[in-house]
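Please read the structure below before turning to the comments.
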2 protein chains.
Amino acid sequence: MASHGARGRSGGRPTLEEVAARAGVGRGTVSRVINGSPRVSDATRAAVEAAVAELGYVPNTAARALAANRTDAIALVVPEPETRFFNEPYFSDMLKGVGSELSDTEMQLLLIFAGSDRERQRLAQYLAAHRVDGVLLVSVHADDPLPDLLTQLEIPAVISGPRSATETLASVDSDNYGGARSAVEHLLSRGRGRIAHITGRLDVYGAQRRVDGYRDALRDAGHAADDRLIEAGDFTEEGGRRAMAELLHRCPDVDAVFAASDVTAAGARQVLREKGRRIPDDVALVGYDDSAIARHMDPPLTSVRQPIEEMGRAMIDLLLTEIADRRPAASRGLERHQAVLATELVERASS
Amino acid sequence: MASHGARGRSGGRPTLEEVAARAGVGRGTVSRVINGSPRVSDATRAAVEAAVAELGYVPNTAARALAANRTDAIALVVPEPETRFFNEPYFSDMLKGVGSELSDTEMQLLLIFAGSDRERQRLAQYLAAHRVDGVLLVSVHADDPLPDLLTQLEIPAVISGPRSATETLASVDSDNYGGARSAVEHLLSRGRGRIAHITGRLDVYGAQRRVDGYRDALRDAGHAADDRLIEAGDFTEEGGRRAMAELLHRCPDVDAVFAASDVTAAGARQVLREKGRRIPDDVALVGYDDSAIARHMDPPLTSVRQPIEEMGRAMIDLLLTEIADRRPAASRGLERHQAVLATELVERASS
DNA sequence: AGGTAGTGTGGGAGCGCTCCCACAAGTGAT
DNA sequence: ATCACTTGTGGGAGCGCTCCCACACTACCT
């Protein structure tokens, strides 16, 4: 608090007013030029731009934010501890997409971790202060209060992976249904007839959609529905082991398994090996995520790839639109904004 | 730009003025309470705090920034592409330290990548706009213009790893000299007598200091200086190979090598193996950084660990001090602010 | 009684912008 | 010549805060 007057009369940064004086125009005109308004004559624009260059003028963000009630910043909120963030390529890819899409914008990206309760507290404060124009929410759990907080604060937000079919927030998702279908169709084309599915946590919407895709692919191929081939997992390796053991016991004749995640597939693989089933000879295996695990598995795992980087880009697109027509989310009614991106089956030796 | 008037008369966020009215005091008094000034009577303070709570008042950051000429935000600038950031645990550890030290502050941390030219451009704009109160600079190269830009803009900054002994910016470093000494002393205590050193890039200050530590440790142990035991490397694996080959050729009797980085040590190890030297039986090996490489090497590599997380904390401490007594860096004269943290030798099977 | 501090408080001025109204000047129809 | 637009421009008002000066009030000295 000591020396408030550090901004010396002379050494201080130039203001709009000074630029205006220099260019021999009014304050409003300079503002228009700065903000790219078309209602400025070419001559005036040139004069102003010259003055800006000469003075090295840079707009004062705080003043702009105060007057215009916007911050030109958006936050990428990661409700996870830093560690996970660094260890999962998901985030790195996402960040790359987000960054690239943002790079021809004036928007600034803030990275905010909210893993601990303390950090969440701070985040809530931060959002309440409206220090960002919008929020990108990745990897939210079903019971997370954050989305509702954002709605309540009327802060534009985009969520990656809708929480349900009736998600109210704008969302970006990969085509879980289509991804599952392509995995199953692939197995069918390889001549497999008894294809099992180890699901993800069924309280996760995406996991549901994968089950739907699995079911429909089989049905459309003329297979009779057989729920004994479906066993619930939870995205974990242990869950994969458990489910695989159960499946083998229940349907010893399975000749293929579609797992809802690579990690789950890894668990399943382990049990298959123990029971003497060869992959892919006896049982073909397909995972989901195309993670490092898939590439390094023995044999390498066929897996469904999600276009994470592209999803990041799509999230920014949606968010910028939301911000542009800054209608409170609640009043938007049914016209929900969402994007669903195609997945890609990466074929490897496991199938 | 369409609807500026989104802040409705009633639904808008409460202002200082409204809190003041509610508490029956003046604007200045509320400001004092908010900012924790001691010159407020207990009764008044209580009344104001009640009003704040009732109204759910949250200060408007933009207004505060404009009036007080500060942003309450600092940036962690990473002059690397995202990829490196995610793959090196260095950054993750650093971030952890920084985050924890910042968590009982009002300061907000921004993570800014400046790997590409384009991103650097944006960063320069960002800094010129003084959108942060201070900057943490990690992993700067010797010829990076960023530090000078910061000095010129009079933005408080702390650099990790000073560029030279006369670094003008505040800096945090690990004790390269002491780390090198401990490595050499360790080798001496293991009975090694012909200890070689593969240096880092000698235009990096820290690498110089490691050479100094190596030299002094030997001298203090009564060994005659022998520069043939020193070979220049460049922190890379290839450099390590090259240097090791040269050393073996020049001094076939070496019985220990202290490498300036784990990666360099990995290169050296490769050549030692090729030449039939056993580690540690024939030649002991010590690296620097205690990275994943060290743990996974065969045999596991003894290495000097730097307290990265602690360094992050120290950087924040320094930066906050710099910001607090916001005297332009130039006027600080000789009283340079710097911290040097102790290293730790992690002993493994390679020595 | 008259000083001389110190303590708590109110509110003016001003931070640098954006928004918008007012208005001048030009253009073309009537 | 008049009216009605359109286009470009200047500048007032106001965003919500912090800083600081002014002032009232107390307390304790001369």
Side-chain angles (χ1 to χ4, degrees), chain A residues 1-9 12-48 52 55 57-72 106 128-131 133, chain B residues 1-9 12-21 23-48 52 55 57-72 106 128-131 133 326:
Chain A
M1 307 291 113
S3 74
H4 159 241
R7 56 193 141 176
R9 219 59 1 250
R13 296 162 50 198
T15 69
L16 246 206
E17 197 91 45
E18 287 165 31
V19 174
R22 176 110 184 189
V25 300
R27 206 171 3 84
T29 303
V30 177
S31 175
R32 271 177 289 253
V33 172
I34 299 291
N35 293 292
S37 158
R39 330 193 114 282
V40 181
S41 71
D42 290 347
T44 310
R45 164 167 287 115
V48 171
V52 165
L55 262 39
Y57 171 75
V58 178
N60 179 320
T61 343
R64 174 176 282 177
L66 179 59
N69 201 28
R70 63 193 161 88
T71 64
D72 291 327
E106 293 285 77
H130 285 259
R131 292 188 66 169
D133 292 341
Chain B
M1 309 289 115
S3 73
H4 158 243
R7 57 194 141 175
R9 222 44 20 239
R13 296 162 51 196
T15 70
L16 246 206
E17 198 92 44
E18 287 165 28
V19 175
V25 300
R27 208 174 357 91
T29 303
V30 177
S31 176
R32 270 176 290 252
V33 172
I34 299 291
N35 293 292
S37 158
R39 329 193 114 282
V40 181
S41 70
D42 289 349
T44 310
R45 165 166 285 116
V48 171
V52 166
L55 263 38
Y57 171 75
V58 179
N60 179 318
T61 342
R64 174 177 282 176
L66 178 58
N69 203 28
R70 65 194 159 85
T71 64
D72 291 327
E106 293 285 76
H130 284 259
R131 292 187 67 165
D133 291 341
R326 200 186 295 230

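Here is the naming used below: chain letters follow the sequence lines, and residue numbers restart at 1 for every chain.
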Can you give one letter per nucleotide of nucleotides 22-27 of chain C, 5' to 3': B if a protein heavy atom sits under 4.0 Å from the base, S if only from the sugar-phosphate, - if neither? ------
Taking only side-chain nitrogens and oxygens of [X], does any of them come within less than 4.0 Å of OP1 or OP2 of [N]?
X       : N      : value
A:Thr44 : D:dG8  : no
B:Asn35 : D:dT18 : yes
A:Ser41 : D:dT7  : no
A:Thr29 : D:dG10 : yes

Where each residue is assigned the nucleotide of DNA chain C containing its nearest heavy atom, which of B:Gly26 and A:Ala63 is assigned the position nearer the 5′ end? B:Gly26
If you pin B:Ala43 and B:Arg27 to their nearest nucleotides in DNA chain C, which one's is more 5'? B:Ala43
Roughly how many Å is it from [atom1] in [X] to [atom2] in [N], rounded to a whole number?
X        : N      : atom1 : atom2 : answer
B:Asn69  : C:dG16 : CG    : C1'   : 11 Å
A:Arg13  : C:dC15 : CZ    : C1'   : 12 Å
B:His130 : C:dG16 : NE2   : C1'   : 14 Å
B:Tyr57  : D:dC17 : OH    : C1'   : 7 Å
B:Ile34  : D:dG16 : CD1   : P     : 15 Å
B:Arg39  : C:dT9  : CZ    : P     : 11 Å
B:Arg70  : D:dC17 : CZ    : P     : 13 Å
B:Glu17  : D:dT18 : CD    : P     : 12 Å

Give, for atom [atom1] of [X] and atom [atom2] of [Y], the distance between the pair rounded to the nearest 0.5 Å.
X       : Y       : atom1 : atom2 : value
A:Leu55 : A:Arg13 : CG    : CZ    : 12.5 Å
A:Arg39 : A:Thr29 : CZ    : OG1   : 12.5 Å
A:Leu66 : A:Thr71 : CG    : OG1   : 12.5 Å

Apply salt bridge (charged side-chain N to carboxylate O under 4.0 Å, His left out) to B:Arg32 and list each qualifying residue two or more places apart in sequence or on a separate chain. none
Results of salt bridge (charged side-chain N to carboxylate O under 4.0 Å, His left out) for A:Arg22 - residues two or more places apart only: A:Glu54
Where the side chain of B:Leu16 is concerned, which of D:dC17, C:dG8, D:dC15 is the nearest nucleotide? D:dC17
Taking only the side-chain heavy atoms of B:Leu66 (C-beta and beyond), determine which of C:dG8, D:dG16, D:dC15 contains the nearest atom. D:dG16
Given B:Val25, B:Val19, B:Val48, B:Val52, the one that forms side-chain contact (heavy atoms from CB on, under 4.5 Å) with B:Val33: B:Val48
Touch check for A:Arg64, heavy atoms < 4.0 angstrom, all strands: base, sugar-phosphate only, or nothing? sugar-phosphate
base_contact_polar (D:dG10 base, A:Arg32 side chain, donor-acceptor, <3.5 Å): yes
With side-chain contact (heavy atoms from CB on, under 4.5 Å) as the criterion, how do B:Thr15 and B:Asn60 come out once you've worked through the C-alpha distance, each side chain's angles and the decisive distance to 0.1 Å? CA-CA 8 Å; B:Thr15 70; B:Asn60 179 318; over 6 Å; no
Is there side-chain contact between A:Arg64 and A:Asn35, with heavy atoms separated by less than 4.5 Å? yes
